[in-house]
Each structure stands twice: as structure tokens, then as C-alpha cells.
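We name chains A, B, ... by the order of the sequence lines, and we start the count at 1 in each one.
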Protein chains: 2
Amino acid sequence: MRTVANTSSRTLRLLSLLQARRHWPGGELADRLGVSPRTLRRDVDRLRELGYPVDATSGPDGGYRLAAGASLPPLALDDEEAVALAVALQGAASGSEGADGADGAAEPALRALAKVVQVMPPRLRRRVEALSAASVRAPWAAAAGPDPAVLLTVAQACRDAERLALAYTAADGARTERSVEPHGLVRLGRRWYVVVWDLGRGDWRTLRVDRVRDAAARGGRFRPRELPGPDAAAVVERSIRTAPALHAVTAVLHCSADEARSRLGGWAHVEPLAAQDDGGPPPQRCRLLMSTEDLDWAAFALVRARCDVSDVEPAALREHLATWVSRLSPP
Amino acid sequence: MRTVANTSSRTLRLLSLLQARRHWPGGELADRLGVSPRTLRRDVDRLRELGYPVDATSGPDGGYRLAAGASLPPLALDDEEAVALAVALQGAASGSEGADGADGAAEPALRALAKVVQVMPPRLRRRVEALSAASVRAPWAAAAGPDPAVLLTVAQACRDAERLALAYTAADGARTERSVEPHGLVRLGRRWYVVVWDLGRGDWRTLRVDRVRDAAARGGRFRPRELPGPDAAAVVERSIRTAPALHAVTAVLHCSADEARSRLGGWAHVEPLAAQDDGGPPPQRCRLLMSTEDLDWAAFALVRARCDVSDVEPAALREHLATWVSRLSPP
DNA sequence: CGATCGCGGACGAGAAGTGACCGCAACCCC
DNA sequence: GGGGTTGCGGTCACTTCTCGTCCGCGATCG
């Protein structure tokens, strides 16, 4: 077992043990830590003083358990959990969610990911890479997000003020190798941007992270310069001229609003339509409202509703549907 | 600041600091911890003895940094990071990935999630719930996975051997309230199953987690019984009679294999087809191969390829496409 | 070369941690 | 209801660790 007989080490180990299993008999804990039960009680007290609420129950089958406290204790994860965590965070950070807003969690996810990989042993890092390479990316998300590895490298370099060498493909397709000082990472809409001081050009630039390749920290640290704006987000906002074209989609679905909602799963707004006043039993109708950047998604949502559709707007989506029909029609 | 002047508390804080930023000058660290530089060095030593490799560089611009070690140190996350982490793990655990296998990470993700929420302060837990409720579920995933909250409750109860009260909707639609002893959680294909001892019936049952509602730990712990099989996975496997019908989809895409791959993003297998020997310049063709449970996905993949499609198999998918066409055709 | 920073030994005052007691209270099973 | 199990916390004496202040050494950068 471990040879460290330190008090703080033992406290840390106790914390891990309490996280690994919910319920521990006191005797077993004392045994594992190699101390007397009395000292274990003192250790538990110490944890409580540190703010981690440890519940205890007496009687046979009694023991200790770690409860939810005021602050988050350090998480002791095993290898598999850490790998799963890194993969999940990669997905969340570079993910294709947040079309309608609703997740402000991408940036904290990225920070957490940076913390994890910084201390992750190389063998685990390899497993993460293998797994995230093997994990299938659904077709609708294939071109959506940036490479998680690049995103992470950039985020770390920003946090640690380290110079970065990277290859950038500009909007016109020109590829350049650049050496930059990254100052801030900003998520705008569905894209990540990084504000950098371009060492070759001696000026500020805003780069789209999904156009960056082969980012690598060059080791050297730099002293942050003053940004040409109040913060990185403002710089990006200003440098974005062409906002991504959002399509406001509406359509009438020939089913009840509840049915449509259950099939679309909150991805689109659905509101019931008043029955038409034509005498007969009014057919169920509802109106679908969504806004998206990708007409394929909109079209897919329409089909997913599993009912007839009419009054589709905008015209571009109607054309899109016509293309689908012509492609899918049997020759 | 903090009033705890304890040594172990300080060691923990030092660990957090080292995780929060990559590079720290020793003086600043000593300052923040409120100790002399000499004591800081001793603290760093302590961390090293605990197995955390702390690199140090001397000279001006020197300082400490936490390197990757042999094992993963406890992660010190702040509130936002913890919330992002929980949301990401929920997605990974209940997620709709893994259709083709390729992610064995769901189960460790669930374990990690259980650890996190167990110690998560209530205010953070509320934020996680709010965020995951607000986060849009794409239509193709709406009905796919089980409720993450239920999944988590079940996983915790399995781990901690706690009795569970739940409402179950059987395959025939009958709803029953049950009290069970959960013994194992198994992911098979895309579904989660839980092997339980049903207290009301006095027998083993295999429940589909996506059919469980209102799962709540009833507090009481139980002594695990011997499973009616070598392990939980075997029990589930045996109790599954009707395997989910997988559709083996093939089609010919009228574009190059590379184009198709880049558009489908590895979600389907694509292989080039030999040019036909008809004299003229051979058009680019490739064959698409995929297996899915949901024909909507398959159809969507076909459109997503952005080219003409022919020789679609199976017949069910052709019918599916015909339905799409009729629905989408302008009236 | 000198300034800056990390390294680590020595020392002494003070503060802990530790185990072995003890009696007490809660809880479960018989 | 009683007995066994388990956690709680006080006390005491002994040991150990912690901490700040010295000091000289070596590495690194400008």
C-alpha cells in the first residue's frame, strides 16, 4: 500500500474513499487508512471542519457517508471515469448544441476539460484521443464544431498565456502558418473565435477556431497586451461583419400541437392553430416555429413530425424540400 | 478569506490553485496561501510525496506547474465547471451515441456522474436540472435515451444497494408502482436495463430504464442477493427476447466516396464503386452501408449526402422515403 | 556578471496529531 | 425489552509535525 503516513495525505485519501462508495463502516475506513478508530473519527471531524458534510449513522449497519455540502470537494475519479469525463466534455465544448442558445455551459466545460487533461497521465490521454476519434459524429454535426483537440489547445494557451503556432485557412481558402499570442476565446452563436496578436503581422486578428489546424503551444510565455476593446467578446463581435444567416422557419403541421411537441422534443416551438370554421369536424392543425442556420435540420424536423405539412416558409426551405424530393424520388 | 489555517486545508487549496492556472510564481502562491515561501516549498514537497508531480523552474520567470503524473489527482472544480461537467456527463450517459458500438464510455460516465451529484450542493444541482431541461434535445434524439435523472437515481441505488420505489410502464402499456432492489445496470445496444429483485412479486425482473418514472431511493439498504446468472449483463441478455430490429441499409450515392465521407462524417461506411464500363467518362459513384434502428436517420443520412441516390435497400426504407416525398411535396 | 528564483539543511518554539482509555447514546436484531 | 454493534466525544501523556527564520547553493535569463 502507500507508505505516506502523513495526516493531510490521509485526509485526502479519506475523501476519495468517501466518494468512491456511498456508505462505509467506520471500522473498515480506519483499517484502510491504517489508523485507530479514534483517529478516524478525528479525521472525519477534520473533513467536517473543512466544509465537507459527512453524515454518520450509528447502530449495526451504521457508518459514514459523504453528503452534499456548501462547496464542491475535489473529485477523485478513477481512470475510466476520467476518460469518460474528458470525452463528454469534448462533446459539450465543441458540441453542436446551443442553436437556440440555452447552453451557456460550453465555456466552463472547456475550462474543466483543460484542468483534466493538464493532469491526465499520457496513457489516459491516448485513450481519450482514441475514443473520441472512434466515436461517430452524426451527419448533422459532422461539419458543425471545431476539432476538440484544437479547441482545447487554444483554450489552454489563452489561459496560460503561451505562444501558439498554428495553420489557418482563411475564408478565401488561403492557408498560412502563423505564430500568435492568444488572448481570448469567445463563443458566438455556434462558433468559437479566438482573439490573437499575430506576431508575423504585428496586429490583432480574430480567428475562427474551426479553421485552425495543427495548433501547438510553442512553450514560450508572453505578457498579455491590452486588447483593442473592453474584452475579447467585444473584439470578436466587432470583427464579425457577416452574421451567420439565420432562417426563420414556419410551417403548418397537420396534427395536434401535443403530438408535434412530443415528436420534435422541444427543438421547435409549436403552437396550436384555431380550428377552421368550415362546419365539418375540424382537423387538428398547429404551427411550427423555429430558427436555424441549416436548412437540412429544418427539413428533417418537418419530416420528423410524421404528418402532412403545408404553408412552409421561407421560400428557400421550400426549394430545399423540392431538392430532397427530387433526390429521393425513385428514378 | 478562509479562516481555516489547517495544513491539509492549505494543501488542498494549493492543489486547486495549481489546477486553476498552469504557471505560478512561488512568491504569489506563498502569498495567497498566507505562508512563508519556505513553507510553500514544504507544501509542494508534500504534494510531490502524495504523487502529484509538480514541476519547478528556476530563474526569473520561474515558478511551479502541475504536470501530468502517473495517476489522476483529485480535480478541484469551481461551480460553473461542475455544472457543465454534470450536464455533459448526463448527455454522454443517456446519449444517443453508440449505435455502432464505439463508445464504451457510457457506464463510466454514469459512475462519474453519480460521484459528482452525490457531493454537489443543492444550488448547483438545481442549476444542472434547469440547464438540462432547457437544453434542446434534437428531434432525432427526443425519444432515444432514458431520462438522465432516472438513470442516475437507478445507478446510485445499484451502487449503494438501496431500495427503490418506481413507476413502470410495461410493454403493454400497463403502469404499475413497484418497490425493488436494484442489482445491476446494463447497457445493451442503445438501451439501459436494470436487473432488480421485485419485492412485490418476490422474483427477478429486468426493467427498461426508459420506461421507468419517478424513481426514488426509499432509504433502506439491502443485502445483495445472488443473481440468477453469472452477472447482470447475462441476465439482461437472457431476458431480452426481441432484439431491436436493426435495418441494414445500403444505397448507391452519385458522388465520390470522399465527398460522401466528408458529408456523412463517419456515421456510415462508404466505399467507392468501380466505374461502369460504358465508354463515356465514368460518373463518380460510391456505396453507402449503415445499420440503424431508426429509418428516419437513414433517410436523413441519404439527403445529407447532397447527391442523387439509387438502389436503396431495404424496401422498408424505400417506402419510408416515399412517405417523406409525399409529405413534403407541395399540395 | 548580477539579479531572480527555486532548493534544502538546521534549529527551536509551539502546535498538532495519536492511541488508549472511558462512559454515553443511537440503532438493529433477536 | 435486552444485548450487541456502532458512532461520539472527553481526557491524558507522548510523539510528531509544522512553521518561520536563518543560511549557502545552483540554475536560469538578460
Side-chain angles (χ1 to χ4, degrees), chain A residues 3-15 17-18 21-50 52-67 161-163 218-223, chain B residues 2-14 17-18 21-50 52-67 161-163 218-223:
Chain A
T3 58
V4 238
N6 212 329
T7 308
S8 29
S9 134
R10 206 182 50 234
T11 309
L12 234 57
R13 270 200 291 156
L14 175 57
L15 196 53
L17 287 178
L18 285 175
R21 211 205 286 174
R22 178 118 84 174
H23 182 264
W24 286 92
E28 193 173 343
L29 281 178
D31 225 37
R32 289 224 186 193
L33 299 174
V35 293
S36 71
R38 182 66 185 91
T39 300
L40 171 75
R41 279 194 298 254
R42 279 194 270 248
D43 282 356
V44 170
D45 268 354
R46 218 189 317 275
L47 278 186
R48 292 200 182 113
E49 272 171 22
L50 290 182
Y52 308 130
V54 184
D55 286 355
T57 52
S58 39
D61 230 47
Y64 297 88
R65 84 168 40 189
L66 191 55
E162 287 188 331
R163 293 212 178 81
R218 273 285 160 264
R221 285 202 309 286
F222 63 88
R223 211 161 301 279
Chain B
R2 305 211 190 181
T3 57
V4 240
N6 212 329
T7 308
S8 29
S9 136
R10 206 184 49 237
T11 310
L12 240 54
R13 270 200 291 158
L14 175 58
L17 288 178
L18 285 175
R21 210 206 286 175
R22 179 121 79 175
H23 182 265
W24 286 93
E28 193 173 343
L29 280 178
D31 224 35
R32 290 224 186 193
L33 298 175
V35 294
S36 72
R38 182 66 186 91
T39 301
L40 171 75
R41 282 199 295 272
R42 278 194 271 246
D43 282 355
V44 170
D45 268 354
R46 220 190 316 273
L47 278 186
R48 290 203 183 108
E49 273 171 22
L50 291 181
Y52 309 132
V54 183
D55 285 356
T57 53
S58 37
D61 229 46
Y64 297 89
R65 85 167 41 189
L66 192 55
E162 288 188 331
R163 293 213 177 82
R218 274 283 161 267
R221 285 202 307 287
F222 63 89
R223 210 163 301 281

Task: Nearest-angstrom distance from the residue atom CG of Asp45(B) to C1' of dT18(D) - done: 14 Å
Open item on the list: Asp45(B): which residues meet the side chain to side chain donor-acceptor pair (under 3.5 Å) condition with it, sequence neighbours left out?
Closed with: Arg48(B)
Task: Spacing of Leu18(A) atom CG relative to dG7(D) atom P, expressed in whole Å - done: 12 Å
- [ ] Could you check how far CG of Asp43(B) sits from P of dT18(D), rounded to whole Å?
- [x] 9 Å
Task: Comparing Thr57(A) and Val35(A) on DNA chain C - which has the more 5′ nearest nucleotide - done: Val35(A)
Open item on the list: Using the side chain to side chain contact (heavy atoms under 4.5 Å, CB included) criterion, which residues pair with Leu12(B)? Sequence neighbours excluded.
Closed with: Leu12(A), Tyr52(A), Pro74(A)
- [ ] Give the rounded distance in Å between these two atoms: CG of Leu14(B) and P of dT18(D).
- [x] 14 Å
- [ ] Kindly write out the residues that satisfy salt bridge (charged side-chain N to carboxylate O under 4.0 Å, His left out) with Arg41(A), not counting sequence neighbours, or none if the list is empty.
- [x] none
Using a cutoff of under 3.5 Å, can you pull out all pairs of nitrogen or oxygen atoms linking the protein to nucleotides 21-29 of chain D, with atom names and distances?
none

Task: Note, Arg46(B) side chain near Leu14(B) side chain (heavy atom, < 4.5 Å) - done: no
Open item on the list: Go nucleotide by nucleotide along DNA chain C from the 5' end; which of Gly34(A) and Ala56(B) gets its closest nucleotide reached first?
Closed with: Ala56(B)
Open item on the list: Let me check the geometry of the helix from dC1(C)-dG30(D) to dC30(C)-dG1(D). What is the bend angle between the axes at its two ends, five pairs each, to 10°?
Closed with: 60°
TODO: Please determine which of Arg13(A), Arg32(A), Arg10(A) meets the salt bridge (charged side-chain N to carboxylate O under 4.0 Å, His left out) test together with Asp43(A).
DONE: Arg10(A)
- [ ] Return the value, rounded to whole Å, for the distance between atom OH of Tyr64(A) and atom C1' of dG9(D).
- [x] 11 Å
Task: Closest non-hydrogen atom pair, Leu17(A) against Trp24(A) - done: O-NE1, 2.7 Å
Open item on the list: Whole angstroms only, please: what is the CZ-P distance between Phe222(B) and dC29(C)?
Closed with: 15 Å
TODO: Could you tell me the separation between the CZ atom of Arg46(B) and the P atom of dG8(C), rounded to a whole number of Å?
DONE: 15 Å
Open item on the list: Using OP1 and OP2 only, check whether a side-chain N or O of Thr7(B) sits under 4.0 Å from dC17(D).
Closed with: no
Open item on the list: Using a heavy-atom cut-off of 4.0 Å across all strands, would you classify Pro37(A) as base, sugar-phosphate, or nothing?
Closed with: nothing
TODO: Report yes if the side chains of Ser9(A) and Glu49(B) come closer than 4.5 Å at any heavy-atom pair, otherwise no.
DONE: no
Open item on the list: Between Gly26(A) and Ser8(A), which residue's closest nucleotide on DNA chain D lies nearer the 5′ terminus?
Closed with: Gly26(A)
- [ ] Take atom CG of Leu33(B) and atom P of dC19(D), then tell me their distance rounded to the nearest Å.
- [x] 11 Å
Task: Sequence-distant partners of Asp55(A), side chain to side chain contact (heavy atoms under 4.5 Å, CB included), two or more places apart - done: Arg65(A), Ala67(A)
TODO: Tell me which of Leu40(B) and Trp24(A) sits closer to the 5' end of DNA chain D, going by the nucleotide each one is nearest to.
DONE: Trp24(A)
Task: All side chain to side chain contact (heavy atoms under 4.5 Å, CB included) counterparts of Arg42(B), not counting sequence neighbours - done: Arg38(B), Thr39(B)
